[in-house]
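In what follows, a structure is listed as structure tokens, so that the remarks can point back to it.
Atoms considered below: every heavy atom in the structure, side chains included; atoms not considered: hydrogens, waters and symmetry mates.
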Amino acid sequence: MSVPMETIVIAGAGQAGFQAAASLREAGFSGSLSLIGEEAALPYQRPPLSKAYLAGKTDDRGLLLRQESFFAEHRIEHRPGIRVTAIDRAGRSVRLSDGEDLSYDHLILATGTRNRALPVPGADLAGVHQLRSLDEADALRAAIGGIHRIVVVGAGFIGLEFAAVCAARGLSVTVIEAAERVMARAVSPETSAAFRSFHEEAGVTFLFGAGVTAIEGEGGRVAAVRTDDGKSLPADLVLVGIGVVPNQELAAEAGLAVRDGIEIDAFLATSDPAISAIGDCVRFPSRFASGMPGGDRVRIESVQNAVDQARCLAARLTGRPAAYDAVPWFWSDQGPRKLQIAGLAAPTDASVLRRAGAGFSVFRFRDDALSAVESVDRPADHMAARRLLAAGKALTPGQAADPGFDLKALATG
């Protein structure tokens with residue numbers, strides 16, 4: 001599957017795009033390598049934005065994936081503040097937002113995702129924020145310094161991480177969630193209930209089964225959030241965290257298949273042999289999604305997936321092809337609690353609770369086979385789960401529930 005090539009262009013300088021560039025050099029690619037990123041900053045980590053960075057525990061230099069010297073030393077041409085606006089597949093070139101045309105032997109699409117907009121009146125008022133980029137995090141960090149009442153729309157990872165930071169500062173936080181529990185699409189009811197309690201103990205208020213119909217303002221600034229049951233919640237600041245959508249338009253306009261993400265095969269290739277795609281923007285086949293409602297193709301938003309796909313692709317492009325088969329895993333730090341997830345669970349998967357000490361794990365089973373493990377302050381369970389899922393080893397619900405059963409021995413044996 002490897003073909004000789006001299007020029008590789010990477011569209012997107014987030015975690016996936018950066019890792020692809022770094023891994024290509026590590027794997028021995030010696031040709032021209034361009035990394036195109038629309039943000040002005042050097043490539044940086046996004047997960048700390050809603051946690052350590054917002055809380056002032058790290059600065060922007062601490063977010064960087066590598067210092068500026070790395071790019072020169074590895075001959076990676078990083079082009080900040082520029083987007084790829086069009087792909088000429090026949091001519092094997094891309095048009096950049098500054099008007100330049102850049103030729104490629106191989107193009108890697110790592111275009112990521114963007115925040116889903118809240119489609120209600122008042123969503124554009126001053127004081128209404130989203131959180132994905134460093135610029136957005138900077139704006140939030142400045143805004144929460146002189147306010148008291150915060151409303152968060154969406155009880156997913158970002159919303160809850162932000163809520164935890166604000167509650168720790170003594171601010172009044174209300175979280176509005178359309179579902180009936182927190183992180184409903186990501187975790188079991190048992191884990192949801194535990195995190196609801198954690199946040200309520202910290203002073204966070206929740207409104208479940210509620211929709212937002214408008215954001216009300218005074219003098220051009222947010223003043224309140226109106227819900228579909230007629231409530232008006234006073235707010236000095238609103239954070240909207242209702243998910244993301246993949247940046248697939250560039251691929252679609254070039255005639256590549258898209259469906260809630262750029263469609264790729266097990267080797268991370270699109271239908272065009274000169275174009276691959278990786279990271280949050282892609283939908284790909286995975287054995288870990290077998291039996292899920294959407295079939296065995298999945299789109300995953302995680303650092304792990306971005307990094308592992310980038311490494312897998314770099315290996316293929318340098319002559320060592322292998323199908324992508326990494327175990328999906330995720331994490332979320334919410335206040336003092338650490339949630340770690342390995343695998344992919346369907347909403348109907350059975351749950352088995354395993355408690356030990358202050359933490360716990362919820363083992364999910366689909367058709368009597370282990371599908372995922374959600375661990376709270378139990379890092380050893382998380383590491384064992386990743387090994388068990390990778391190897392496809394059998395674990396019974398009874399073994400999972402028994403705190404005396406040696407998970408590590410089964411995982412490493």
Side-chain angles (χ1 to χ4, degrees), residues 38-39 46 49-50 54 83 111-167 169 171-186 192 196 199-200 203-249 252 258 260-261 280-281 299 301:
E38 65 179 316
E39 292 190 62
R46 294 190 191 279
L49 292 178
S50 56
L54 202 61
R83 293 182 300 109
T111 49
T113 60
R114 61 185 181 275
N115 289 321
R116 189 182 300 278
L118 182 65
V120 302
D124 57 349
L125 286 167
V128 179
H129 296 256
Q130 293 187 314
L131 178 53
R132 180 162 184 80
S133 70
L134 180 57
D135 286 346
E136 290 169 336
D138 283 338
L140 270 173
R141 205 157 64 157
I144 61 178
I147 62 171
H148 179 63
R149 299 167 301 181
I150 292 174
V151 172
V152 178
V153 183
F157 290 164
I158 295 295
L160 294 179
E161 289 165 3
F162 176 72
V165 169
C166 293
R169 295 171 65 117
L171 303 179
S172 170
V173 184
T174 299
V175 179
I176 302 172
E177 170 56 46
E180 296 300 328
R181 55 188 179 90
V182 305
M183 301 181 289
R185 291 178 293 178
S192 283
R196 175 180 178 174
H199 285 283
E200 288 179 335
V204 176
T205 298
F206 289 97
L207 293 180
F208 292 105
V212 172
T213 57
I215 298 178
E216 302 168 335
E218 293 177 2
R221 281 199 61 84
V222 62
V225 177
R226 185 165 295 279
T227 60
D228 53 10
D229 62 357
K231 289 188 176 73
S232 182
L233 306 175
D236 303 314
L237 180 147
V238 175
L239 177 75
V240 177
I242 55 173
V244 298
V245 293
N247 293 322
Q248 62 186 23
E249 291 79 7
V258 300
D260 185 36
D280 293 8
C281 66
R299 187 173 64 79
E301 301 154 15

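- The heavy-atom pair separating Glu161 from Ser50 by the smallest distance is OE1-OG, 2.5 Å.
- With rounding to the nearest 0.5 angstrom, the CD1 atom of Ile215 is 5.0 Å from the CG atom of Leu118.
- The distance from the CD atom of Glu136 to the CG atom of Leu49 is 9.0 Å, given to the nearest 0.5 Å.
- Taking both residues in full, the closest heavy atoms of Leu237 and Leu239 are given as CD2-N, 4.1 Å, listed atom of the first, atom of the second, then distance.
- For the residue pair Thr227 and Asp229, a side-chain donor N or O sits within less than 3.5 Å of a side-chain acceptor on the partner.
- Closest approach of Ala186 and Phe157 over heavy atoms only: CB-CZ, 4.0 Å.
- Of the possible donor and acceptor atoms, one in the side chain of Thr213 sits under 3.5 Å from a partner among the backbone N and O of Arg226.
- Residues Arg46 and Glu39 are paired through a salt bridge, judged by an N-O separation under 4.0 Å between the basic side chain and the carboxylate.
- Put simply, the side chain of Val212 does not reach to within 4.5 Å of the side chain of Val240, judged on heavy atoms.
- A distance of 10.0 Å separates CG in Asp228 from CG in Leu207, rounded to the nearest 0.5 Å.
- In this structure, Arg132 and Thr113 have side chains that are in contact, with non-hydrogen atoms separated by less than 4.5 Å.
- With rounding to the nearest 0.5 angstrom, the CE atom of Met183 is 10.5 Å from the CD atom of Glu177.
- Pairing each heavy atom of Asp236 with each of His148, the nearest pair is OD2-N, 3.2 Å.
- In this structure, Val244 and Arg116 approach most closely via the heavy-atom pair O-NH2, 3.3 Å.
- Under a 4.0 Å N-O distance rule, the pair Glu249/Arg114 qualifies as a salt bridge.
- Screening Leu140, Val152, Leu171 against Cys166 for a side chain to side chain contact (heavy atoms under 4.5 Å, CB included) leaves a single residue, Leu171.
- In this structure, CZ on Arg83 lies 10.0 Å from CG on Asn247, to the nearest 0.5 angstrom.
- Distance check: Arg299 CZ to Asp280 CG gives 7.0 Å after rounding to the nearest 0.5 Å.
- Between Leu160 and His199 there is a side-chain heavy-atom pair separated by less than 4.5 Å.
- Nearest approach of Gly154 to Val175, heavy atoms of both residues: O-CG1, 4.0 Å.
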Verdict with reasoning, Ser232 to Glu216, per side-chain hydrogen bond (donor to acceptor under 3.5 Å, both in side chains): CA-CA 9 Å; Ser232 182; Glu216 302 168 335; 3.1 Å; yes

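- For the pair Ser192 (side chain) and Val182 (backbone), a donor-acceptor distance under 3.5 Å is present.
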